[in-house]
Amino acid sequence: MSRPQPLSGFPELLPRQRIVEQQVVDHLRRAFELHGFAGVQTRAVESMDQLLRKGETSKEVYVLRRLQAEADSGEAGLGLHFDLTVPFARYVLENAGKLQFPFRRYQIQPCWRGERPQEGRFREFWQADIDIVDRDDLPAHYEVEIPLVIADALRGLPLPPVRMHVNNRKLSQGFYQGVGIGNTEEALRIIDKLDKIGAEAVAKLLIDQLDATTEQADACLKLAAISSTDTSFVDEVKALGVSDPLLEEGLAELAAVVEAAATEAPGLVVADMKIARGLDYYTGTVYETVMEGYESLGSVCSGGRYDTLASDGKNTYPGVGLSIGISRILVPLLQSGKLTATREVPTCVLVALADEDGRSEANALAQRLRSRGVATQVSPSAAKYGKQIKFADKRGIPFVLFPGDELQMKDIRSGEQVPVDLDSWEPPTEDLHPRIVSA
RNA sequence: GUGGUCGUAGCUCAGCCGGUAGAGCGCUUGGUUGUGGUCCAGGAGGUCGCGGGUUCAAGCCCCGUCGAUCACCCCA
């Protein structure tokens, strides 16, 4: 068979699926802009040292190579970006003099990682990222605002409900140092495995790798077990009897996030003390989001606060951000048929053709509709009307316009056909553009 | 990157102990001489993912490869 096969991890959508993706992107973009975020695009490519700057986190980076390059040419190594946060940090430093701070931006672009693909996990995928960065100091209220923007953006999309698990690294690390554990970063990484390997294995790791006592490990696990949809977690943590200034700070910041979310986006956020995040540049609030019924996909929207990701030595630009995994969310829903579009073309009206001589007249009719924003195309041939209707039906085009002395518009779903005044006719709002529908 | 499972028509799948392929849906033509969807009758479409091997004979067995998926890893 000479038919080309797909490339592993590089999903391509059919027109009907792409319509869904486009509308999701449009919706997110509108929502971000309503919150005052400016759009930014960065190049696909970053220098390797930039990409690996923050990373012992051995990300699988796709490296760029020129075909004609000399084997030993000392070219600056280039690679495709694996997220939008690292390029953005670079962008902020590069343009710091031209940006106004605090700077809020959204960025919706593909990312690449050379990992082994799985369901919801690809080598090329789209992320929608929002961040707010400031110079030197970033007020904590932005850690409250960012998840609310995401909640607002996700609202109105026909997706399964999501729940955002939130923690604060100050809280966890403060707690760990409060109980006397030295390497709090490593403790976080170990706690992060809790869901996967279980409490006993985590305790063993804490004891073996960090020389924690049984009591210390036990305290860490007790902390990790705490979660609540309101601020009651604060008392639960305090009841563990650990005191530490950093812990207090983290508790207050997390309480602020949870409290605001509980009123502005009820049901969205849950404080969850076992959320740690593997990435090491997070310094405050951290977020992970799961989609109901699709927990196996992992987090579909993650992020957090980073104080030192962008720093040129003189100035630091602390920020907080969240990335929506557009491909991770959409591709599984599209492939399983849970999500689709009302049609596979933008066309709202098909102008039927009685005979080929009528084509220029039909073109003129189509243009009158287009001038008022109604997507219209003319029938490909003057086949029997039954065939022309079928042409529209197969694509999901809702209306067929019949030419003649009296113009008639047929809604091919209901079969209803009525005379129309073309210069005043408009389709029902829900038919003007394709819509996303969940099955 | 490591390991497991799977790969037959556009789609979903059947195919016995190896004997050179079948169904449903879809597509197409006609019944229906400009109005589709239902119904009826016909038709087209497969080098069995690809390459090699074993065999008189391979969709079926073996090896490799590509793709899908799962676990590890990591994360959107």
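Just so it is clear, the values below take in all heavy atoms, side chains as well, and ignore hydrogens, waters and symmetry mates. Below, chain A is the first sequence line, B the second, and so on; all start at residue 1.
Listed nucleotides: B:A76, B:C74, B:U35. Nearest to the side chain of A:Q417: B:U35.
B:G67 and B:G51 have their C1' atoms separated by 15 Å, with the value rounded to a whole Å. Going from the C1' atom of B:C25 to that of B:C66 covers 29 Å, rounded to whole Å. Comparing the C1' positions of B:G46 and B:U8 gives a spacing of 8 Å, expressed to the nearest Å. The P atoms of B:A9 and B:G59 are separated by 14 Å, rounded to the nearest whole Å. Distance noted for atom C1' between B:G18 and B:A23: 23 Å (whole Å). Only the C1' atoms considered, B:C27 is 39 Å distant from B:C63, to the nearest whole Å. Nucleotides B:C60 and B:G24, compared at atom C1', are 24 Å apart to the nearest Å. Going from the C1' atom of B:G43 to that of B:G7 covers 29 Å, rounded to whole Å.
Residue A:S302 has a polar side-chain atom (N or O) positioned under 4.0 Å from OP1 or OP2 of B:A76.
Using cut-offs of 30° and 60° for the angle between ring planes, the A:Y91 and A:F88 rings count as parallel.
Scanning both residues, A:T184 and A:Q177, for their nearest heavy atoms gives CG2-N, 3.9 Å.
Look at A:F125 and the base of B:A76; the rings stack, centres closer than 5.5 Å and planes less than 30° apart.
Remark on RNA chain B: of its neighbouring residues A:W126 and A:A354, the 5'-side contact belongs to A:A354, judged by nearest-heavy-atom nucleotide. Taking the nucleotide of RNA chain B with the nearest heavy atom to each of A:L297 and A:Q408, the more 5' of the two is matched to A:Q408.
In terms of polar N and O atoms assigned as donor or acceptor, the side chain of A:D393 comes within less than 3.5 Å of the base of B:G36 in a complementary pairing.
Nucleic acid contact for A:C111: none, since no nucleic acid atom lies under 4.0 Å from a heavy atom of the residue. A:G298 comes within 4.0 angstrom of nothing in the nucleic acid, heavy atoms only. Residue contacts shown for A:G337 are absent, as no nucleic acid heavy atom lies under 4.0 Å away. Counting non-hydrogen atoms under 4.0 angstrom, A:F122 reaches a base of the nucleic acid.
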Can you name the atoms? Protein N/O to nucleotides 28-31 of chain B N/O, anything below 3.5 Å, with the distance.
from  : atom 1 : to     : atom 2 : distance (Å)
B:U28 : OP1    : A:K394 : NZ     : 3.1
B:U29 : OP1    : A:K387 : NZ     : 3.4

I'd like a list of close polar pairs between nucleotides 1-5 of chain B and the protein, N/O only, cut-off under 3.5 Å.
from : atom 1 : to     : atom 2 : distance (Å)
B:U2 : O4     : A:R116 : NH1    : 3.0
B:G3 : O6     : A:R116 : NH2    : 3.4

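Geometric assessment of A:R104 against the ring of A:F37 yields a positive cation-pi assignment under the 6.0 Å and 45° thresholds.
Following rounding to the nearest Å, A:Q335 (CD) and B:A68 (P) show an atom-to-atom distance of 10 Å. We find that CZ of A:F10 is positioned 10 Å from P of B:A68, with the value rounded to whole Å. Taking atom CD1 on A:I275 and atom C1' on B:C75, their separation rounds to 13 Å, with Å as the unit. In this structure, CD1 of A:I108 is placed 14 Å from C1' of B:A76, rounded to the nearest angstrom. In this structure, A:Y385 atom OH and B:G34 atom P are separated by 11 Å, rounded to whole Å. Look at CD on A:Q388: it is 11 Å from P on B:U35, rounded to the nearest Å. The interatomic distance linking A:E344 (CD) with B:G10 (P) rounds to 18 Å, in whole Å. Across the protein-nucleic acid pair, A:D192 atom CG and B:C73 atom C1' stand 13 Å apart, rounded to whole Å.
A salt bridge between A:D83 and A:R113 is absent, with no side-chain N of the basic residue lying under 4.0 Å from a carboxylate O of the acidic one. A salt bridge is defined here as a Lys NZ or Arg NE, NH1 or NH2 lying under 4.0 Å from an Asp or Glu carboxylate O, and A:E21 with A:R18 meets this definition. Ion pairing between A:R121 and A:E115 holds under the 4.0 Å rule for side-chain N and carboxylate O. A salt bridge links A:R90 with A:E46: the distance from a Lys NZ or Arg NE/NH1/NH2 to an Asp or Glu carboxylate oxygen falls below 4.0 Å.
Listed by chain and residue number, A:D152, A:A265 satisfy the side-chain contact (heavy atoms from CB on, under 4.5 Å) test with A:R155 (two or more places apart in sequence, or in another chain).
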Checking A:F82 against A:Y62 for the ring-ring contact (aromatic ring centres under 6.0 Å, His included) test, could you report, in this order, the C-alpha distance in whole Å, the side-chain angles of both residues, the deciding distance, and whether it holds? CA-CA 8 Å; A:F82 52 79; A:Y62 273 113; over 10 Å; no

Contacts under 3.5 angstrom, residues 432-439 of chain A side chains, donor-acceptor by atom type, not counting sequence neighbours:
from   : atom 1 : to     : atom 2 : distance (Å)
A:R435 : NH1    : A:E430 : O      : 2.7

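In this structure, the ring of A:Y317 has its center no less than 6.0 angstrom from the ring center of A:F103. If you look at A:F399 and A:W425, their ring centroids are closer than 6.0 Å.
Annotated as anti: B:G10, whose glycosidic dihedral deviates from 0 by more than 90°.
Shown here is A:E12, whose CD atom has no more than 12 heavy atoms of other residues, nucleotides or ligands within 6.0 Å.
Base-pairing analysis of RNA chain B finds the following stems of at least three consecutive Watson-Crick or G-U pairs, with both pairing distances under 3.5 Å: B:1-7 with B:66-72, B:10-13 with B:22-25, B:27-31 with B:39-43, B:49-53 with B:61-65.
For the side-chain hydrogen bond (donor to acceptor under 3.5 Å, both in side chains) condition, the pairs that include at least one residue of residues 385-404 of chain A, sequence neighbours left out, are A:S379-A:Q388.
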